[in-house]
J.: 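Dropping the structure in here first, questions after.
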Amino acid sequence: MQKVTLAILAGGKSSRLGGIDKALLTVDGIPLISRIYNTFRTEVWEVIVISNSSKTYPIDAPIFPDIILNCGPLGGIHSALTNASSSLVFIVSVDLPFASKDIFQQLLCIYQKNRAEIVVPKHGDLMEPLFGLYNKTLLSRVNSILADRQGHPISELISQSNTKYLELPDDFQTRMWFYNINTPDDLKALEL
């Protein structure tokens, strides 16, 4: 079995949520970070959390901060690749309450068949880089992209890498798998 590290990216600034730690927001009474952990912990070899918060989380996983600060999600991926024990890292943003175990398995299948460096889902014109597989061999490339200590889009890494895509239909089910919570209205919409 392929050893995979699940890295939950919980380090966003949550500015659109008034600085509230997204990881601790609840959907159906369960903190977002616990939902991700509970969904994937039996599928992976280890779980780590990437967060710059001083809070503790209700899951059994070590927390690592960004190494290169203020570089957005790519900085979080850099920390995940640096701190993961396995060579394959499954990056999941903490604000995806309906993340799918089945989609993870499909990504893993594509990775194993193609020996890609990155495998991410795609639906319609949307790519989902914060629910993808990243090989630890990418670390030197991420280091050089972030060498200027500026934020760079993840798409910059994706375009420079051997990337494969899991093509999904752009339908309601797919959009729910990747529904993310960025604003109070996003959270409120789930209560309807």
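Only heavy atoms go into these numbers, but all of them, side chains included; no hydrogens, no water, no symmetry mates. Just so you know, residue 1 is the first one in the sequence shown, and it goes up from there.
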J.: Quick one: does any side-chain atom of T174 pair with a main-chain N or O of L168 as donor and acceptor, under 3.5 Å?
T.: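 Pair absent, no side-chain N/O of T174 close to backbone of L168.
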J.: In chain order, what residues pass the ring pair (Phe, Tyr, Trp, His ring centres under 6.0 Å) check against F178, with sequence neighbours excluded?
T.: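 Partners of F178 under the ring pair (Phe, Tyr, Trp, His ring centres under 6.0 Å) test: H123, F131.
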J.: Hey, can you pull the donor-acceptor pairs under 3.5 Å for the side chains in residues 23-33, sequence neighbours left out?
T.:
none

J.: Starting from the C-alpha separation in whole Å, work towards a yes-or-no answer on side-chain contact (heavy atoms from CB on, under 4.5 Å) for I8 and I48.
T.: CA-CA 6 Å; I8 303 173; I48 62 175; over 6 Å; no
J.: With sequence neighbours excluded, tell me which residues meet side chain to side chain donor-acceptor pair (under 3.5 Å) with D102.
T.: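 Side chain to side chain donor-acceptor pair (under 3.5 Å) list for D102, sorted by chain: Q106.
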J.: Are S79 and N83 linked by a side-chain donor-acceptor pair shorter than 3.5 Å?
T.: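 N83 and S79 do have a side-chain donor-acceptor pair below 3.5 Å.
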J.: If the condition is side chain to side chain donor-acceptor pair (under 3.5 Å), which residues does S87 pass it with, not counting sequence neighbours?
T.: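 So S87 forms no side chain to side chain donor-acceptor pair (under 3.5 Å) with any residue.
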J.: For N114, what residues pass the side chain to side chain donor-acceptor pair (under 3.5 Å) criterion, not counting sequence neighbours?
T.: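 Once residues adjacent in sequence are excluded, N114 has no partner under the side chain to side chain donor-acceptor pair (under 3.5 Å) criterion.
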J.: Restricting to pairs with a member in residues 148-176, which pass salt bridge (Lys or Arg N to Asp or Glu O under 4.0 Å), not counting sequence neighbours?
T.: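 Passing the test, one end in residues 148-176: D170-R175.
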J.: With sequence neighbours left out, which residue pairs that include part of residues 134-144 fulfil the salt bridge (Lys or Arg N to Asp or Glu O under 4.0 Å) condition?
T.: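 Pairs touching residues 134-144 that pass the test: E117-R141.
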J.: Verify, without hydrogens or angle tests, whether S86 (side chain) and T5 (backbone) share a donor-acceptor contact under 3.5 angstrom.
T.: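 Yes, S86 side chain to T5 backbone: donor-acceptor pair under 3.5 Å.
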J.: Per the ring-ring contact (aromatic ring centres under 6.0 Å, His included) rule, what does the pair list look like for residues 49-84, sequence neighbours excluded?
T.: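 Of all non-adjacent pairs touching residues 49-84, none passes ring-ring contact (aromatic ring centres under 6.0 Å, His included).
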J.: If you look only at pairs with a residue in residues 82-96, which of them pass as a salt bridge (Lys or Arg N to Asp or Glu O under 4.0 Å), with sequence neighbours excluded?
T.: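 Output for this query lists K22-D95.
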J.: Go through the structure and list residues passing side chain to side chain donor-acceptor pair (under 3.5 Å) with T137, not counting sequence neighbours.
T.: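 Side chain to side chain donor-acceptor pair (under 3.5 Å) check on T137 returns N135.
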J.: Counting only N and O atoms by type, is there a donor-acceptor contact under 3.5 Å from the side chain of S161 to the main-chain atoms of T163?
T.: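 The answer is no, because no donor-acceptor pair under 3.5 Å joins these two groups.
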J.: Which is it for L88 and K3 under the side-chain contact (heavy atoms from CB on, under 4.5 Å) test, yes or no, and what are the steps along the way?
T.: CA-CA 7 Å; L88 186 59; K3 279 188 176 178; over 6 Å; no
J.: Shortest non-hydrogen contact from E43 to F104?
T.: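 Taking every non-hydrogen atom into account, CB-CE2, 3.7 Å.
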J.: Can you list the residues that meet the side chain to side chain contact (heavy atoms under 4.5 Å, CB included) rule with P129, with sequence neighbours excluded?
T.: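 Partners of P129 under the side chain to side chain contact (heavy atoms under 4.5 Å, CB included) test: M127, Y134, I154, I158.
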J.: Got a sec, which residues hit side chain to side chain contact (heavy atoms under 4.5 Å, CB included) with N52, two or more places apart in sequence or on another chain?
T.: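 N52: side chain to side chain contact (heavy atoms under 4.5 Å, CB included) contacts with P65, D66, L69.
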J.: Run the side-chain contact (heavy atoms from CB on, under 4.5 Å) check on K122 and L166 step by step: do they pass?
T.: CA-CA 6 Å; K122 216 176 178 183; L166 168 61; over 6 Å; no
J.: Applying side-chain contact (heavy atoms from CB on, under 4.5 Å), run through V89 and L6 and close with a yes or a no.
T.: CA-CA 6 Å; V89 182; L6 166 61; over 6 Å; no
